[in-house]
Amino acid sequence: MSDAALSDVGILDDDFAPAPRRTADVVGFEAAVKAGERKALVAGLIVIAPLLLFLLVNFLAPITLMLARGVQDREMHAALPQTAAALRLWDGKGLPDERLASTFVAELAKAKDAGDLSEVANRLNYDRAGLRGLLFRTADALPANLTGSRLQALEKIDPRWGDRSTWAVLKHAAGPLTSFYLLAAFDRRLDTSGHIVRAPQEQAVFVEVLGRTLWISAVVTVLCLLLGYPLAYFLATLPQKWANPLLILVLLPFWTSTLVRTTAWIVLLQTHGVINDALMWTHLISKPLELVYNRTGVYVAMTHVLLPYVILPLYAVMRGISLTPLRAALSLGATPTRAFWSIYAPQTVPGAAAGGLIVFVLSLGYYITPALVGGARDQMISYFIAFYTNQSLNWGMAAALGVVLLAATLVLMQFYGRLSGLRSAAWR
């Protein structure tokens with residue numbers, strides 16, 4: 001085909017021209033730029049290295065070690081190591097053989113003399129009530145010079161040693177790793193055959209507590225957004241000389257102790273408190289309302305404490321939004337409501353999403369406020385984590401509940417981020 005024909009169909013010689021070659025100067029310049037970027041990256045890492053080391057030593061490492069307790073079962077592995085090893089090899093069918101029973105009897109006596117029996121007894125009692133007393137009573141009743149069958153001697157001390165389920169509990173605690181605490185955090189346990197089953201009704205509390213925690217956190221987040229959005233809009237539209245003093249009033253809760261704020265709400269909301277007395281005086285109610293030591297008090301107190309965390313991100317975003325497009329929409333005939341939701345509101349989604357996420361995550365770990373103004377059925381999962389850490393000293397259960405709370409937080413943060421992104425895209 002001739003050049004004229006190629007030109008007629010829109011194909012020119014330039015379409016077949018080879019790509020320009022990279023000269024040595026270009027290659028050298030690109031290499032210098034990359035070397036400079038690497039030096040800047042190394043310099044930045046050197047600058048933040050002390051901070052990273054501080055976070056690793058004082059934050060990440062302790063939390064990781066604590067959460068690891070949720071899958072560790074070290075009590076029997078430390079106090080009765082040979083028995084734990086033999087139990088891990090036991091098939092769980094029938095009663096254990098005489099060799100395993102002999103190992104258990106020998107190590108039980110040694111653990112009692114060494115004072116190492118208390119921790120393993122407590123661990124077994126977590127799985128089944130009464131095993132702590134069984135272990136100590138057996139250790140005290142063992143004769144000094146035991147002869148004959150060890151298994152029969154154990155059954156003579158207490159008939160429960162002739163029950164396969166008792167040995168199954170010991171096998172579950174043989175460690176060094178266990179699923180006991182994580183299963184208990186979901187109201188599950190292992191039966192004598194090693195199958196996962198539901199915990200007894202009187203022990204199944206943690207799924208309900210986790211659901212209650214998520215629900216209270218979601219309600220508080222919604223209340224903070226509903227109250228904080230119009231207030232942030234009002235502050236953002238004021239002149240700077242008026243907005244700054246009012247913003248200081250919003251920040252006042254940050255300068256007051258959480259304990260003081262919560263106690264103040266108890267005074268306000270109690271049966272003969274300020275609010276009930278005012279409502280009674282105005283004859284709006286005939287008898288005092290139950291506003292404290294229940295879910296209502298938890299909502300009110302937590303919303304008051306966490307409201308600034310929504311207002312500040314929203315205010316920062318709204319302050320940077322230009323009102324010119326909104327005025328232009330109004331001048332073109334749009335109603336104020338339509339102009340606000342079509343033009344202004346989509347631009348505030350990042351601030352609302354950031355504030356809502358902060359409030360939700362902080363609400364998940366709240367402990368003082370629900371403990372003071374809530375009732376027995378209003379305690380959140382952090383209350384039980386504190387209980388197992390400080391009172392019962394069951395660190396494995398506390399760590400397992402912490403793992404569950406952390407996993408739920410990460411999943412919901414991911415879901416919340418995607419939801420806010422989709423909602424922002426839908427409003428554009």
Trainee: Main chain of Gln270, side chain of Asn276: is a donor-acceptor contact present, judged purely on distance under 3.5 Å?
Mentor: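 Yes.
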Trainee: Just wondering, are more than 12 heavy atoms of other shown residues or ligands nearer than 6.0 Å to CG in Leu55?
Mentor: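 Count over threshold, so yes.
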Trainee: Any side-chain heavy atom of Arg128 within less than 4.5 Å of one from Ser165?
Mentor: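 Yes; the side chains approach each other to less than 4.5 Å.
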Trainee: Are Gln240 and Arg319 side-chain neighbours, meaning at least one heavy-atom pair lies under 4.5 Å?
Mentor: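 Yes - at least one pair of side-chain heavy atoms lies under 4.5 Å apart.
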Trainee: Can you name the closest pair of heavy atoms from Gly356 and Thr221 and give their distance?
Mentor: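 Nearest pair, atom of Gly356 first, then Thr221: O-CG2, 3.4 Å.
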Trainee: Run the side chain to side chain donor-acceptor pair (under 3.5 Å) check on Ser193 and Asp191 step by step: do they pass?
Mentor: CA-CA 5 Å; Ser193 300; Asp191 62 7; 4.6 Å; no
Trainee: Between the main-chain N or O of Arg377 and the side-chain N or O of Arg212, is there a donor-acceptor pair closer than 3.5 Å?
Mentor: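 At least one qualifying donor-acceptor pair exists.
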Trainee: In sequence, state the C-alpha distance, the side-chain angles, and the governing distance for Leu291 and Val300, and then conclude on side chain to side chain contact (heavy atoms under 4.5 Å, CB included).
Mentor: CA-CA 9 Å; Leu291 299 177; Val300 172; over 6 Å; no
Trainee: How many angstroms lie between OG1 in Thr192 and NE2 in His172, if you round to the nearest 0.5 Å?
Mentor: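 If I round to the nearest 0.5 Å, the distance is 7.5 Å.
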Trainee: Look at atom CZ of Arg338 and say whether more than 12 heavy atoms of other residues, nucleotides or ligands are closer to it than 6.0 Å.
Mentor: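 Counting other residues, nucleotides and ligands, CZ of Arg338 stays at 12 neighbours or fewer.
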Trainee: Would the Phe180 and Tyr126 ring centres measure less than 6.0 Å apart?
Mentor: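 They do not qualify: ring centres at least 6.0 Å apart.
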Trainee: Kindly compute the distance separating CG (Asn390) from CH2 (Trp395), expressed to the nearest 0.5 Å.
Mentor: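 Answer for the CG-CH2 pair, Asn390 versus Trp395, is 9.5 Å.
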Trainee: State, to 0.1 Å, how close Glu290 and Asn294 come at their nearest heavy-atom pair, and which atoms those are.
Mentor: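 So the minimum-distance heavy-atom pair works out to O-ND2, 2.7 Å.
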Trainee: Counting C-beta onward and ignoring hydrogens, is there a side-chain heavy-atom pair between Val219 and Arg295 closer than 4.5 Å?
Mentor: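 Contact flag for Val219/Arg295 side chains = no.
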Trainee: Any side-chain to backbone donor/acceptor pair from Arg164 onto Gly92? Under 3.5 Å, distance only.
Mentor: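 Here the side-chain-to-backbone pair exists.
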Trainee: Working note: Arg132 + Leu124, criterion side chain to side chain contact (heavy atoms under 4.5 Å, CB included); need CA distance, chi angles, decisive distance, verdict.
Mentor: CA-CA 7 Å; Arg132 174 183 171 84; Leu124 294 174; over 6 Å; no
Trainee: Output the distance between atom CD1 (Ile368) and atom OG1 (Thr258), rounded to the nearest 0.5 Å.
Mentor: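 Going from the CD1 atom of Ile368 to the OG1 atom of Thr258 covers 6.0 Å.
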Trainee: Look up atom CZ in Arg74 and atom CG in Leu177, then write down how far apart they are to the nearest 0.5 Å.
Mentor: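 Spacing of CZ (Arg74) from CG (Leu177) equals 10.5 Å.
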Trainee: Using a 3.5 Å distance criterion without hydrogens, assess whether the side chain of Thr237 forms a donor-acceptor pair with backbone atoms of Phe234.
Mentor: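 Yes: the side chain of Thr237 pairs with the backbone of Phe234.
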Trainee: Look at atom CH2 of Trp255 and say whether more than 12 heavy atoms of other residues, nucleotides or ligands are closer to it than 6.0 Å.
Mentor: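 Result for CH2/Trp255: enclosed.
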Trainee: Do Arg160 side-chain atoms and Thr166 backbone N/O form a donor-acceptor pair below 3.5 Å?
Mentor: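 Checking the backbone N and O of Thr166 against the side chain of Arg160, no donor-acceptor pair under 3.5 Å is found.
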Trainee: Report the relative orientation of the aromatic rings in Phe384 and Phe206; use parallel for angles under 30°, tilted for 30 to 60°, perpendicular for over 60°.
Mentor: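 Aromatic pair Phe384/Phe206 classed perpendicular.
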Trainee: Is the side chain of Asp187 donor-acceptor paired with the backbone N or O of Ala199 at a distance under 3.5 Å, no angle test?
Mentor: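 No; zero donor-acceptor contacts below 3.5 Å.
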Trainee: Just jot down the side chain to side chain donor-acceptor pair (under 3.5 Å) partners of Asn394, sequence neighbours excluded, or say none.
Mentor: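 Here no residue qualifies.
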Trainee: Can you list the steps and then say if Tyr366 with Val305 is a side chain to side chain contact (heavy atoms under 4.5 Å, CB included)?
Mentor: CA-CA 11 Å; Tyr366 249 61; Val305 173; 2.7 Å; yes
Trainee: Counting only heavy atoms not in Glu98 (residues, nucleotides, ligands), do more than 12 fall under 6.0 Å from its CD?
Mentor: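 Enclosed: over 12 neighbouring heavy atoms sit under 6.0 Å from CD of Glu98.
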Trainee: Any side-chain to backbone donor/acceptor pair from Arg261 onto Ala301? Under 3.5 Å, distance only.
Mentor: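 No; judged by distance alone, with no hydrogens or angles, the pair does not exist.
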Trainee: Does the Ser217 side chain pair with the main chain of Leu214, one donor and one acceptor, at a distance under 3.5 Å?
Mentor: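 Flag not set: sc Ser217 to bb Leu214 has no pair under 3.5 Å.
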Trainee: Any chance CD of Glu119 has more than 12 other-residue heavy atoms, nucleotides or ligands included, within less than 6.0 Å?
Mentor: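 Check fails, neighbour count at 12 or below.
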Trainee: Side chains of Leu247 and Leu312: closer than 4.5 Å at any heavy-atom pair?
Mentor: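 The answer is yes; the side chains approach within 4.5 Å.
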Trainee: List in chain and number order the residues that pass salt bridge (charged side-chain N to carboxylate O under 4.0 Å, His left out) with Lys171, two or more places apart in sequence or in another chain; answer none if no residue qualifies.
Mentor: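 Lys171 satisfies salt bridge (charged side-chain N to carboxylate O under 4.0 Å, His left out) with no residue once adjacent residues are dropped.
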Trainee: Any side-chain to backbone donor/acceptor pair from Thr213 onto Met380? Under 3.5 Å, distance only.
Mentor: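 Between the backbone of Met380 and the side chain of Thr213 there is no qualifying donor-acceptor contact (under 3.5 Å).
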Trainee: Restricting to non-hydrogen atoms, name the atom on Met318 and the atom on Ala236 that form the minimum distance, rounded to 0.1 Å.
Mentor: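 So the two residues come closest at CB-CB, 3.6 Å.
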Trainee: Is there a side-chain contact between Phe360 and Leu364 (heavy atoms, below 4.5 Å)?
Mentor: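 SC-SC contact between Phe360 and Leu364 confirmed.
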Trainee: Provide the closest heavy-atom pair for Thr178 versus Gln72 in the form atom of the first, atom of the second, distance.
Mentor: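 Of all heavy-atom pairs spanning Thr178 and Gln72, the closest is CG2-O, 3.7 Å.
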Trainee: Could you tell me the separation between the CD1 atom of Ile48 and the CG atom of Leu53, rounded to the nearest 0.5 Å?
Mentor: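 If we round to the nearest 0.5 Å, Ile48:CD1 and Leu53:CG are 12.0 Å apart.
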Trainee: Assess whether atom OH of Tyr383 is packed by more than 12 heavy atoms of other residues, nucleotides or ligands within 6.0 Å.
Mentor: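 No, OH of Tyr383 has 12 or fewer neighbouring heavy atoms, counting only those of other groups under 6.0 Å.
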Trainee: Provide the closest heavy-atom pair for Val250 versus Pro308 in the form atom of the first, atom of the second, distance.
Mentor: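 Minimum heavy-atom contact is O-CG, 3.5 Å.
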Trainee: Do the rings of Trp167 and Trp161 sit parallel, tilted or perpendicular, given the 30° and 60° boundaries?
Mentor: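 Trp167 and Trp161: tilted rings.
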Trainee: Looking only at non-hydrogen atoms, find the nearest pair between Val120 and Glu75 and report the distance.
Mentor: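 For Val120 versus Glu75, the nearest heavy atoms are CA-CB, 3.9 Å.
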Trainee: Any heavy-atom pair between the side chains of Phe104 and Leu170 that's under 4.5 Å?
Mentor: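 In contact.
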Trainee: How would you list, by chain and number, every residue that makes a side chain to side chain contact (heavy atoms under 4.5 Å, CB included) with Val47, sequence neighbours excluded?
Mentor: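 Checked Val47 against side chain to side chain contact (heavy atoms under 4.5 Å, CB included); zero matches.
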Trainee: For the atom pair CG (Leu235) and OH (Tyr315), what is the distance rounded to the nearest 0.5 Å?
Mentor: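 So the gap between those two atoms works out to 6.5 Å.
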Trainee: Less than 4.5 Å apart, any side-chain heavy atom of Met302 and any of Cys224?
Mentor: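 Met302 does not reach Cys224 side chain to side chain.
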Trainee: Distance-only, no hydrogens or angles: does the Asn125 side chain make a donor-acceptor pair with backbone N or O of Gly130 under 3.5 Å?
Mentor: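 Yes; judged by distance alone, with no hydrogens or angles, the pair exists.
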Trainee: When you look at Phe340 and Tyr233, which way does the ring-ring contact (aromatic ring centres under 6.0 Å, His included) test go after all the steps?
Mentor: CA-CA 11 Å; Phe340 179 85; Tyr233 177 75; 5.6 Å; yes
Trainee: Is the shortest heavy-atom distance from the side chain of Leu108 to the side chain of Leu135 under 4.5 Å?
Mentor: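 With C-beta onward as the side chain, the pair touches.
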Trainee: Could you check Asp140 against Lys112 for salt bridge (charged side-chain N to carboxylate O under 4.0 Å, His left out), going step by step and ending with a plain yes or no?
Mentor: CA-CA 8 Å; Asp140 292 336; Lys112 177 198 170 185; 3.2 Å; yes
